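Single-structure report; data block below.
Note that ligands are numbered from 1 as they come in the structure, with each ligand's atoms numbered from 1 the same way. Predicted model only: the values in this text are computed from it and were never measured.
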Amino acid sequence: MEETLRILVVDDDELDRMEVRLALTQAGVSIEFTEVSDGETAFFALKNANYDCVFLNYGLPDQDGLTLIHKLRAAEIKVPLVVLTSHGDEQIAVELMKAGATDYLSKSRLSSEILAQVLRNAIRVHRAEMQAALAYQQLRESHEQLVRKNQELEKQRQQIQLQNFKLLEASRLKSQFLATMSHELRTPMNAIIGFSQILLRPKFGQLTRQQADMVERILNNGKHLLMLLNEVLDFSKLEEGQLALKPELFDLPKVINTAVGEMRSLAEAKNLSLLVQKNSENPLVFNDPVRVKQILINLLSNAIKFTESGSIWVEVKDLPGNRVAITVQDTGIGIAQKDFPHIFEAFRQVDQSITRKYPGTGLGLAIINSLVQMMGGKILLESQMGVGSIFRIELPRKISISHSFRTSGAVQLDGKGILNSAQNPHQSNYQTSKVSMGYPHLKL
Ligand code: ADP
């Protein structure tokens with residue numbers, strides 16, 4: 001059933017009002033009519049009730065149609081409005097439409113068909129306009145919301161930036177403090193080591209067995225402390241970007257032999273065999289021998305520390321593309337895949353508890369990671385809990401001078417449990433193949 005429309009007819013001519021009423025009734029439109037004869041009454045009627053459409057005679061006794069439309073607009077009364085014009089009013093029609101009339105119709109053309117058509121069109125146009133206005137309003141509101149959100153985000157960004165600055169400054173101060181402290185502590189530590197070594201020399205007088213034992217303990221603990229201090233100092237220098245490589249041409253297997261020689265007694269003390277395999281045609285590399293040895297010593301001391309029985313292998317191998325690989329493999333406790341990315345972070349250990357079985361600062365791998373990055377190389381890690389670990393360092397045979405300063409970058413973990421330290425943080429270096437060591441004893 002068609003809805004009943006509420007129509008207001010504004011005309012001072014009663015016959016004209018009747019004509020509109022009849023025409024619309026004949027058109028079969030269900031309508032509830034209200035009729036008024038002047039502009040002022042029409043204004044109050046529209047103010048106090050809702051109408052679906054107004055038929056407005058342009059010439060009214062108290063005011064013309066344009067004035068009434070302006071008034072309605074000022075009062076924000078929105079209603080479909082069809083102006084009925086007499087002969088000669090047509091020129092004004094454009095003005096009326098501009099002012100807000102929905103349509104206009106010459107009284108000479110009044111017929112039920114045309115009137116019904118105009119009525120339907122006016123209502124349709126008005127509803128479309130209302131919907132557009134609503135959508136526009138909603139759009140404006142969401143735009144305002146977005147602007148507000150943007151302002152909030154900008155505020156938060158500025159706060160985060162400020163906090164970042166503060167954190168960076170705190171971190172810089174921390175590194176500076178660590179560097180200064182470890183540097184200052186090294187001097188008395190060297191004195192302790194030096195004097196205990198002197199005390200152990202027979203020419204300074206014979207010590208009793210108990211005294212010699214105590215001085216040896218002082219010496220060993222002093223050496224251990226010095227090593228820890230050196231680790232902290234290296235780390236803080238790396239953090240500050242103050243550690244520079246000193247590359248030179250040297251014999252890599254020789255440096256490996258020296259490092260292995262230094263660690264042999266530690267391995268033997270735990271009954272671990274320490275084997276070296278050289279698969280290299282060209283022994284010469286251009287790199288910093290002190291830092292390469294440091295990497296090796298760190299890897300070997302970890303391998304020895306985390307292995308209770310079995311063997312440790314070191315392999316040096318030529319790689320295609322003028323690169324070399326140094327691999328340290330052990331039959332130790334292994335590392336769970338979930339810990340792969342963390343162990344390369346500074347101060348991170350798989351066991352972070354105070355009562356942990358294995359001592360250490362948690363800086364060794366962080367230092368190795370930074371050094372390898374500086375050398376333009378990468379680290380690959382493969383490990384299995386209870387079976388053992390393989391740390392493989394791949395380095396260019398000749399490091400580039402531009403790599404001799406520290407860049408920041410993170411170690412990356414691929415989907416197969418192989419961890420890969422990228423040589424350049426901007427360049428993806430994933431390798432998905434497993435490290436093949438050629439050692440049949442250990443299947444990882
Ligand atoms: P630290 O040895 O001083 O604890 P590192 O940075 O050298 O610190 O190593 C971080 C952690 O990685 C170790 O605490 C250990 O949990 C794990 N890790 C390193 N090397 C090995 C290894 N060969 N076998 C098992 N776990 C290892």
Side-chain angles (χ1 to χ4, degrees), residues 178 182 221 223-239 243 259-260 262-263 266-267 270 272-276 291-315 325-373 378-393 409-413 417-421 435 437 439 441-444:
L178 283 179
S182 43
N221 279 302
K223 279 182 179 170
H224 183 64
L225 260 180
L226 187 64
M227 190 203 78
L228 295 180
L229 285 174
N230 282 338
E231 258 188 6
V232 174
L233 187 63
D234 278 348
F235 172 72
S236 49
K237 275 191 189 161
L238 280 163
E239 281 249 292
L243 195 142
V260 170
E262 283 179 24
M263 302 306 287
L266 275 180
K270 288 183 84 175
L272 303 171
S273 53
L274 182 52
L275 309 159
V276 182
R291 297 299 171 186
V292 170
K293 188 178 150 202
Q294 182 181 1
I295 292 173
L296 220 83
I297 294 272
N298 266 332
L299 288 179
L300 281 170
S301 71
N302 274 348
I304 296 168
K305 183 162 64 174
F306 294 105
T307 304
E308 299 307 333
S309 64
S311 314
I312 290 152
W313 297 272
V314 182
E315 187 200 37
I326 305 165
T327 310
V328 175
Q329 179 174 359
D330 63 55
T331 52
I333 59 170
I335 304 158
Q337 270 191 32
K338 68 171 173 52
D339 294 318
F340 278 22
H342 306 302
I343 56 168
F344 288 86
E345 290 167 12
F347 305 110
R348 286 293 287 264
Q349 292 162 316
V350 170
D351 182 1
Q352 297 267 56
S353 67
I354 298 174
T355 53
R356 67 177 174 267
K357 188 173 170 190
Y358 304 101
T361 54
L363 287 176
L365 288 179
I367 292 172
I368 291 177
N369 185 35
S370 296
L371 288 174
V372 170
Q373 276 181 44
K378 61 185 175 188
I379 309 170
L380 292 128
L381 165 61
E382 211 179 323
S383 188
Q384 203 176 312
M385 294 292 282
V387 180
S389 308
I390 302 172
F391 284 86
R392 174 156 136 157
I393 313 285
V411 273
Q412 301 172 333
L413 179 67
I418 297 175
L419 188 120
N420 185 345
S421 154
V435 180
M437 294 275 294
Y439 297 116
H441 333 275
L442 189 65
K443 291 209 165 48
L444 292 178

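- A donor atom on one side chain and an acceptor atom on the other are found under 3.5 Å apart for Ser273 and Ser311.
- Among residues two or more places apart in sequence or in another chain, the side chain to side chain donor-acceptor pair (under 3.5 Å) test is passed with Lys223 by none.
- In summary, the atoms of ligand 1 found under 4.0 Å from a heavy atom of Gly362, numbered by their order in the structure, are 1 (P), 3 (O), 4 (O), 6 (O), 8 (O).
- Residue contacts with ligand 1 do not include Phe344, since none of its heavy atoms lies under 4.0 Å from the ligand.
- Residues satisfying the side-chain contact (heavy atoms from CB on, under 4.5 Å) test with Asp234, not counting sequence neighbours, are Leu243, Arg291, Gln294, Ile367.
- Applying the 4.0 Å criterion to heavy atoms of Leu365 picks out, from ligand 1, the atoms 5 (P), 6 (O), 7 (O), 9 (O), 10 (C), 12 (O), 19 (C).
- The ligand atoms of ligand 1 that sit less than 4.0 angstrom from a heavy atom of Ser389 are 24 (N).
- In this structure, Ile343 and Leu365 approach most closely via the heavy-atom pair O-CB, 3.5 Å.
- For atom 25 (C) of ligand 1, the choice among Ile335, Ile312, Asp330 with the nearest heavy atom turns out to be Ile335.
- Contact detail for Leu300 and Val328: the closest heavy-atom pair is CD2-CG1, 4.2 Å.
- Not a single heavy atom of Glu231 sits less than 4.0 Å from an atom of ligand 1.
- No heavy atom of Gly332 sits closer than 4.0 Å to any atom of ligand 1.
- Near Gly364, meaning under 4.0 Å from one of its heavy atoms, ligand 1 places the atoms 5 (P), 6 (O), 7 (O).
- In plain terms, the two heavy atoms of Ala336 and Met385 that are nearest each other are N-SD, 3.3 Å.
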